[in-house]
Amino acid sequence: MPIDPSLRSATISVLVENEPGILARVVGLFAGRGYNIDSLTVAPVEDGRNRSRINIVTSGTDMIIQQIKAQLDRLVPVHRVADLSTEGPHIAREMALIKVIGSGEQRIEALRLAEAFRARVVDATTGSFIFEMTGATEKLDAFLDLMRPLGLAEVSRTGVAAIARGVRII
Amino acid sequence: MSQTQTAPATAAQPEMQAELQSGSEVLLRALKEQGVEVIFGYPGGAVLPIYDAIFQQNAIRHILVRHEQAAVHAAEGYARSTGRVGCVLVTSGPGATNAVTGLVDALMDSIPLVCLTGQVATHLIGNDAFQEADTTGITRPATKHNYLVKRSEDLARVVHEAFYVARSGRPGPVVIDLPKDILINKAPYASAPVAPHRSYRPQTAPDMGQIGKAVAALKSAKRPIIYTGGGVINSGQGASDALIKFVRKTGFPITSTLMGLGAYPSNDTQFLGMLGMHGTYEANLAMHGCDVMLNIGARFDDRVTGRLNAFSPGSRKIHIDIDRSSINKNVAVEIPVVGDAGLSIEALLEAWDNEPRQVDTAALSTWWSQIEAWRGIDCLKYTQIQTKGGIIKPQYAVQRLYDITRESGRETFISTEVGQHQMWAAQYFRFDQPKRWMTSGGLGTMGYGLPAAMGVQVAHPAALCIDIAGEASILMNIQEMSTLAQYRLPVKVFILNNQYMGMVRQWQELLHGSRYSESYTEALPDFVKLAESFHGVGLRATSVDQLDDVIREMIASDRPVIADICVDQKENCFPMIPSGAAHNDMILGAEHAARAPGVTDAGMALV
């Protein structure tokens, strides 16, 4: 697939009222207007204020990403929208549980690489490992690429959680 | 028995009982506090408690429609002609699904509505109960916002919030889904909150820095144009008054979208007529050739822009909109201004006087001569044969309707259905004031006009409310003739009858080799008898000599009237920018055949 140079990736954080249907509203907006969702996470934050944070990794031209922000911002239960990828430095992390099935040399190689990538072994049998790994999306992708020939059997990823660096808050 | 056990408990809390009313009573009280005077609705099992509460009060009037879609369009007509929030009440399941077309229509045209839908009792939700539908799920993309009330203590708050959301910022429809048990159970009342909403606080005051930039760009213009839309109407009478002042002060030409007609007086010399697919030659060429464009409350719809990459090339664009997401959606603009149209125009007026730079009057005068030359083409020209028995041109029918209603001096409101007749109404009926023109612009809903006119007539009992219709569209909500009869609403239905779905036929002629696939109606009703069967008056004009008498008789009647105006079947709606073409690529009508080759030259000369 040719890569359009005008497309960019964006990590958008949305602070919303934690109410029924809010996720459907956000997802429906993306589906209805044809925007991409590369990853989406949602969980309640800020105890006592009944708010959730949704982190969306999307891609599009700059005009489309501005449009996504504006569309999200006009939803009634949305408090704040921030495009972390353009508003200063930020940290984005995701977690993956990675099941590798194999034996012999391959099994030893998988364990050696996991140590190099600082993945934790959270479950082991004589024929399998489950690694837990947290990091930037690219780091997870790189590790999964290495595991593929070594018996990668199943992956469960959380999607990206992101936050601005320093004292800045959204 | 449980009755004997609960009785003492009730007696022990007399004060609590005095404060708590049924959910339905709380609902009506909240509606009343929100200023609701009329509800358009249709009963059913899930909303019987509300209908029972309506029966026992007199503050709110209920208009019983014949189809839920019509209830929503009627509320739209009511809202658009008054500037207030329209209110709808329908039952669960099919009541709610029938309302969906109206909700999307209101969403696309930014009309403030609150639609109350019944729902099965909370414990039945999700069980595929009788007349259950996932109303909040279905209406989520059809509304500005929606609510499902699951706790009695939320009811009053949700109703107040729904009205706030419907009318604030860019207005739109809001659904409140009401389970039957919530309507029956006791609920506490709460007044409308004074505190601002926790998350929805749309910006209405424009940024003065951006307004300053806009004025600087406008004053440096050599070929300026002002292009306004429904946002000016929605902002209220004050916005139209400020717009007139601003346009007169600048001396700039102004054009309007379909939705914005009436915000600026159509008969004024600075007004170029409507722009877009069936807009005037001068408006579209001025948009194409301008060097600075000021868009106030319009959204660069595809029916306005034509082909996007050929839309007004080379102009600096200023866009004022209350909805940030409307800016830079279709067309990239240099100077965005987020704010209410009225407040923004007032800010422009103030900044205009404070900006020392002077307008280049020589350039402006050259620009006006160019515009006058385009005007000279007289793109709306048509030929009406006046001899006895002459066939009526649809344009002439609208023209005469305009002339005769104007002579009558009556306050006149016009609604339309969708199609050729709608465009002829927009082209030939001239509006001098806002909120007099109701048409389905964004969604293009056939069947809109009759119920919309009904809602207008409810709000303005003494006014002349006319639905300019086509014979195909009118059949989509014809059942509302019965509502007109019940409430003695003297709405006039003025059908331009060409026996075709005219706009479909026109596109088939121009784009599909004149293969008129399914666009001819084989078995139309006799509209005169149809009107009579619905207790109204039926009139017909088949030739030009009968037209004026029919219009006069229609206007004079104090009953609902259907006037069946048999018009030229072959007439097409021109000028026209074919879909996917640029503004300077207009097709003019047969009257202009000789000049047609010059069209592109004139446009090309500008860019």
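Quick note on labels: first sequence line is chain A, next is B, and so on, each numbered from 1. Bear in mind that the values here come from a model prediction, so they are computed numbers and not experimental data. Just so you know, these numbers use all the heavy atoms, side chains as well, and skip hydrogens, waters and symmetry mates.
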Candidate polar pairs, chain A side and chain B side, donor-acceptor under 3.5 Å:
from, atom 1, to, atom 2, distance (Å)
E17(A), OE2, R198(B), NE, 3.0
R25(A), NH1, H145(B), ND1, 3.4
R25(A), NH1, N146(B), OD1, 3.4
R25(A), NH2, N146(B), O, 3.2
R25(A), NH2, N146(B), OD1, 2.9
Q67(A), NE2, S325(B), O, 3.1
R74(A), NE, S325(B), OG, 3.3
R74(A), NH1, D323(B), OD2, 2.8
V76(A), O, S199(B), OG, 2.5
H79(A), ND1, R198(B), O, 3.4

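Contact annotation for V78(A): only backbone heavy atoms (N, CA, C, O) come within less than 4.5 Å of a heavy atom of chain B. If you measure heavy-atom distances from I327(B) to chain A, the contacts under 4.5 Å come from the backbone alone.
By the 6.0 Å contact criterion, CZ on R168(A) is enclosed, its count of non-hydrogen atoms from other residues, nucleotides or ligands being greater than 12. Counted within 6.0 Å of CD1 on I163(A), heavy atoms from surrounding residues, nucleotides or ligands total 12 or fewer; the atom is thus considered open.
If you tally non-hydrogen atom pairs under 4.5 Å between each of G28(A), P77(A), P20(A) and chain B, the highest count goes to P77(A).
Shown here are the salt bridge (charged side-chain N to carboxylate O under 4.0 Å, His left out) partners of R157(A), two or more places apart in sequence or in another chain: E94(A), D141(A).
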